[in-house]
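Notes to accompany the following structure.
What's counted below: heavy atoms across the whole structure, side chains too, no hydrogens, waters or symmetry copies. Predicted model, so just to flag it, every value in this text is computed and none were measured.
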Amino acid sequence: MQSYSFTDLILFLGVSQGVFLSLSLRLLHNRNKPANKMLSILLLIAALMLFARMSAFRIPEDWVWRFGILIDTVIFLFGPFTYTYVRRLLYRESPDFHLKWWHYMPACLHLLYYFATLTVPLAEFNTLYFSGKLYLMFFIVEGSGLISFIFYWIKTILLVRRYRGEAPDQLSYNQAILRFVLFLLLPLGIFMLLWGISFTTTNFLGKPFPYADYVTMWVSTPAFIYVVGFFSLRQPEIFRIPLPKSPTSKKDRLKPEQIQKLQKRLQYYISEEKVFLMPELTLKELAEKMNTSSNNLSWLLNQVYQASFYDYINRHRIAAFLNKIDRKEHLQHTLLALAMDVGFNSKSTFNKAFKNEKGTTPSAYIKSLNVA
């Protein structure tokens, strides 16, 4: 009777959860459909990888592990698909973002290699494999797969870095999405490092690395499925910022009379409408209220007020918070409750904005008032 290990159980759960989450993401409404569509494909690929790995170890027929060469093609798809997923998650583009065709050339070449192996009889192929004559090809496949993984991981990190720099000009609050993306990329980076060490020590030093190898990548895939899929099912709609095509040129800058009009409108919506009390206020929403473009409002804030949208709005929230402190409202309510009342959506955003404005923490500031 065939015995099964704990690893088999993990792999089976990974396969079933991958299929389930992939189908569930397709049914979500009012979410980031372009990103979830890509994630759905990633989950199916991961489930296919796990199923192939289970089959290779549990089905004795030779053709099964030979079929595994075909499944190795997905190694060249994970990088491009992961980058596409993160970009669609963070940025709003029309039409939906797609990588150029040449990004998928390594996967196509590997497919051609697989079909070429089918022309070799199974018995002859087994002889070539066990005699070590296919070592060079396996070395090339794993090495190029590792390089592809590293390339798209770095490309994704640079994309996230760019988003962090551009988000303050579009949003008045911090999103948990950045923590999720970094939480996703950090383990992938650690695994990639271990895989690289294993590849180097095994092929160049003749000493296999005991903690990670090519197979580890396949076994660790369920973690990727659970973390990414579970978060995507629970996340609210994420506000994606437009991807800037090019910096604003001088000809787009506002004339003096236009600046005055926009300043008066901005002052009205800040002082009278108190739009900063909206926790998820965006540059686009405020620009629409002011009957102007996002580019014009962004230019006004950066050039005239010397502040990003994030800093400008939170500056008024801090002022409203301090008014509440002057009225002694902190004696009846918590500081977090007061922060939420003036438009902050999280404790971390409030503390960061307050320290940027006052150079100290809210509690320390209030304590200094009591001392005075």
Side-chain angles (χ1 to χ4, degrees), residues 32 34-39 42 76-100 102-103 146-196 223-224 227-228 231-232 235-249 280-284 294-295 297-299 301-303 306-314 345-353 355-356:
N32 189 339
N36 283 340
K37 180 179 179 181
M38 186 57 60
L39 178 57
L42 270 172
F76 300 98
L77 297 177
F78 250 106
F81 283 2
T82 299
Y83 174 80
T84 302
Y85 167 65
V86 173
R87 180 152 174 172
R88 290 185 178 186
L89 195 64
L90 299 178
Y91 286 99
R92 182 179 69 252
E93 301 177 72
S94 183
D96 295 336
F97 172 76
H98 292 87
L99 284 170
K100 301 295 184 181
W102 56 266
H103 288 272
L146 178 59
I147 292 173
S148 173
F149 206 96
I150 294 173
F151 173 79
Y152 289 101
W153 185 84
I154 294 176
K155 189 176 177 68
T156 306
I157 288 290
L158 294 176
L159 178 71
V160 174
R161 183 179 179 183
R162 177 182 180 180
Y163 177 86
R164 292 182 68 175
E166 295 168 344
D169 288 328
Q170 302 287 336
L171 307 178
S172 65
Y173 57 96
N174 292 324
Q175 295 194 100
I177 183 59
L178 276 179
R179 290 196 296 271
F180 161 70
V181 172
L182 293 176
F183 180 73
L184 166 65
L185 294 177
L186 181 59
L188 288 179
I190 294 174
F191 166 71
M192 182 177 59
L193 176 63
L194 294 176
W195 182 18
F224 175 83
V227 173
V228 180
F231 177 86
S232 298
Q235 69 181 353
E237 173 63 19
I238 295 169
F239 182 84
R240 297 173 292 154
I241 67 175
L243 183 68
K245 300 299 182 183
S246 60
T248 304
S249 60
E280 297 186 353
L281 179 67
T282 67
L283 178 77
K284 181 181 178 182
S294 297
N295 288 337
L297 179 55
S298 179
W299 185 90
L301 294 174
N302 286 306
Q303 301 299 322
Q306 302 295 310
S308 67
F309 178 71
Y310 176 90
D311 290 335
Y312 180 81
I313 295 299
N314 285 328
N345 71 334
S346 70
K347 182 179 180 180
S348 60
T349 302
F350 166 60
N351 288 336
K352 179 181 178 181
K355 192 167 186 179
N356 288 340

- Task: Grab the two heavy atoms, one from Ser172 and one from Ile313, that are nearest each other, plus how far apart they are.
- Result: CB-CG2, 3.7 Å

- Message: I need the Tyr152 OH to Ile157 CD1 distance, nearest 0.5 Å.
- Response: 16.0 Å

- Is there side-chain contact between Lys284 and Arg92, with heavy atoms separated by less than 4.5 Å? yes

- Query: What orientation do Phe97 and Tyr83 show, parallel under 30°, tilted 30 to 60°, or perpendicular over 60°?
  - Reply: perpendicular

- Item | Pairing residues for Ser298 by the side-chain hydrogen bond (donor to acceptor under 3.5 Å, both in side chains) criterion, not counting sequence neighbours | Asn302

- State the CD-NE2 distance between Glu93 and His98, to the nearest 0.5 angstrom. 11.0 Å

- Would you give the length of the straight line joining atom CZ of Phe309 to atom CG of Leu171, rounded to the nearest 0.5 angstrom? 8.0 Å

- Please round to the nearest 0.5 Å and tell me the distance separating atom CE of Met192 and atom CG of Leu185. 9.5 Å

- Between Asp169 and Leu283, is a side-chain contact (heavy atoms from CB on, under 4.5 Å) present by the stated rule, with each step listed? CA-CA 7 Å; Asp169 288 328; Leu283 178 77; 5.6 Å; no

- For residues Phe78 and Phe149, establish whether the separation of their ring centroids is below 6.0 Å. no

- Apply ring-ring contact (aromatic ring centres under 6.0 Å, His included) to Phe76 and list each qualifying residue two or more places apart in sequence or on a separate chain. His110

- Between OG1 of Thr156 and CG of Leu89, what distance do you get to the nearest 0.5 Å? 11.5 Å

- How far does CG of Leu188 sit from CG of Leu193, to the nearest 0.5 angstrom? 12.5 Å

